[in-house]
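What follows is a set of notes on a single structure, which appears directly below.
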Amino acid sequence: MILKGRIWKLKDNIDTDLIYPGKYLPIIDAEEMALHALEGLDKEFPGKIKKGDIIVAGKNFGCGSSREQAATSLKSAGIACVVAKSFSRIFFRNAINQGLALVQSEKAHEFAEEGEQITIDFDIGELILNDKKLNFAPLPDFIAEILKSGGLIPYIKKKLKQK
Amino acid sequence: MKAPKKEELLRLQKKYKTDRKIAQAIGVPQYLVKYWRRKKRIDNFSETKYTEEKIRDLWERYGNDRDAGAELSISPSAFYKWRKKHNIKDKPKVLKMAQLELSFAQSSSSGSLTIAQKILARKAGKSKVEVGEIVEVEPDVVMSHDNAGLVIKQFKNIGVSKVWNPNKIVIPLDHRAPAESEKTANAHHQIRLFVKDQKIKNFYDINEGICHQVMVEKAHILPGELALGTDSHTTSYGCIGALSTGIGATEMAGIWALGKLWLKVPESIKIVFLGRLPLGVYAKDVILLVIKNLTSEGASYKSVEFYGEVVSEMSVSERFTLSNLSMEMGAKFAIVPFDKVTKRFLRNSSKRSYQPVWADKIAGYENEYEFNISKLAPQIACPHSVDNVKDVEELGDVKIDQVVLGSCTNGRLDDLEIAARILKGKRIHPDTRMLVLPCSKAVYLEALKKGIIRIFLESDCVVLNPGCGPCLGAHEGILAEGERCLATTNRNFKGRMGSSQSEVYLASPATAAATALKGKIADPRDFLKKIWRG
């Protein structure tokens, strides 16, 4: 799988209240969640996201609450992948379970420019930023498979069918 | 009087136990209850309750009727009767409990395993698991709060008709309780229908309290067990020596359907506290100091174990604060090992037996940290991150519009007690509001009994129902643009409690009370010294 997208460059410690403010938690429709993605950071943000955009963030992305709406809202707003120096534990799990691709890269943030293009090749574990090539470690097989299935629910359904 | 149905009689028996008490409760003669019971072939309550095996096990574990009886919540003489009945007379030669404690103290075991490794191995059915290994486990209990609404939606998406085990699912409503909007009201409604339909008996409606408090208070989780919850502060149950952590709603739906989840065996870090708590300094200040030093991702993906004399002296409530707030440095688990304090705490609540777990003495910790707390000042986490911690003296005049005392971090009886001690006979600053939320119904009742609620009301505080409300900016005390709040809660992220242009400071209940009186961030030691001197 190869992803190409426009970069949104974000800082360290983007917490779940910035990604998805607590007041919107009663929403259970994913399309509606998308209208508030990253609203805590900037009220205008949800309107600016285009399908296929990629976030390149600093360390500890998604820290804080276990609210999976943080991952769901980004995914349904059209974010194709989040690249970060590190992810908080629960956000990492939630993103995989929602089928939102993640890449952990120590260096990407340094070379990323907001609005520029990033290319991510998952098959060989490489991302390209302005001709700069960086390698990243692939996800363990079974986690990659959850992602490939489009998230945990389709993955479980597939498994149950196989039984 | 007509004889009650068998189920009704069983229910009465469960509640009142003896025929005499049932008879008293429903106002009939005792012989009639006995007659009904025989006719419906229901055994005398106590006769089927404790097997010889069970009594023998407890006797061998404790070696005295008082402690063994306490384990079953029965009197020493009742335990003695059971022993006699099963003909267990000899004093056990070696006490299991003493053995356990001894092996902990001396760590004669040659292993090198951490608490997380031991419990995960037990759950995965293996003799040993390595750090980094991915294991599939069935949790002992799972918890969801208002977000059970989302879990239910995902569970229905999977298309399995029945949950894997209705007895292992606990759902307390607390985040938006009572419902603050139509959307929440609908979610609560769906949850109520679902628990009825799926026969989930451990459902607590809006009256009971904050989920994590309820889990520990009602002994849904016990030492050595594994709990997963759709809330990040699920790490709290480490306070009784359990392994517990937060996951997302979709993943919980997966557990509801299949009863299993993958977990990576984490690295463990050991935190040791040296010295004693000075006046005006509490568990909250101690854990804020740790987070300040380790940073907000310092314990990411890791299992934290707490040690030190001050920890052994802490109550379960104070340990709760440590385990709870460890989430704010990214911890996956945060455990205070089982000891006498835990045992005593569980005596009254636990009906099930449990097997505590301790780390081996030379366990493989990734890192060990020592903190001397003897000279620690009250700590304040400043906006907008929990690791932005300062001594109270370092802050100048910081005017505060609202003080919040409560939450799963600091809303228990000891928290309310210390705040009330400072507020007693005084009124809070006229430009400051103070909200008080006891963290559960049990805490609220106890506070009422002790006259603490009255002190709050007389000091012009607003006492709210047990729940999460203001902590996550859901309802009951949202902040306006430009307002500042000092809270005993667990997060001070930008916009957490309302407007994105508001600020949140985190501190202990004592600091909160002192601040409410002054109208600006204040040092509780000034007030406590006066109380101390009388």
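Just the heavy atoms: all of them, side chains too, but no hydrogens, waters or symmetry mates, feed the values below.
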Under 4.5 Å from any heavy atom of chain A - which part of L258(B):
side chain
Is it true that the side chains of N13(A) and S296(B) contain a donor and an acceptor less than 3.5 Å apart?
yes
Under a 4.5 Å heavy-atom cut-off, does chain B meet the side chain of L160(A), its backbone, both or neither?
side chain
Check: D146(B) and L25(A) side chains under 4.5 Å, non-hydrogen atoms
no
Please identify, among G22(A), G40(A), P26(A), the residue contributing the most non-hydrogen atom pairs under 4.5 Å to chain B.
P26(A)
Quick one: NZ on K494(B) to CG on L41(A), what's the gap to the nearest 0.5 Å?
7.0 Å
Check whether V160(B) gets within reach of chain A through its side chain, its backbone, both or neither, counting any heavy atom under 4.5 Å.
side chain
Nearest heavy-atom neighbours spanning D29(A) and K153(B)
CA-NZ, 4.4 Å
Under 3.5 Å, is there a donor-acceptor pair between the R67(A) and T230(B) side chains?
no
Minimum heavy-atom distance S232(B)-G64(A), with the two atoms named:
CB-O, 3.6 Å
Do E180(B) and K23(A) sit within salt-bridge range, that is, some charged N less than 4.0 Å from a carboxylate O?
no
With side chain to side chain contact (heavy atoms under 4.5 Å, CB included) as the test, would you mind laying out the steps for I28(A) and Q154(B) before giving the verdict?
CA-CA 10 Å; I28(A) 53 170; Q154(B) 296 292 52; over 6 Å; no
Verify side chain to side chain contact (heavy atoms under 4.5 Å, CB included) between T245(B) and R89(A), making sure each step is shown before the conclusion.
CA-CA 10 Å; T245(B) 196; R89(A) 190 187 75 84; 2.5 Å; yes
E297(B) and S88(A): side chain donor to acceptor below 3.5 Å:
no
Counting heavy-atom pairs under 4.5 angstrom with chain B, the leader among N94(A), D15(A), N97(A), T16(A) is D15(A)
Please walk me through it: do T250(B) and I153(A) pass side chain to side chain contact (heavy atoms under 4.5 Å, CB included)?
CA-CA 7 Å; T250(B) 297; I153(A) 301 288; 3.7 Å; yes
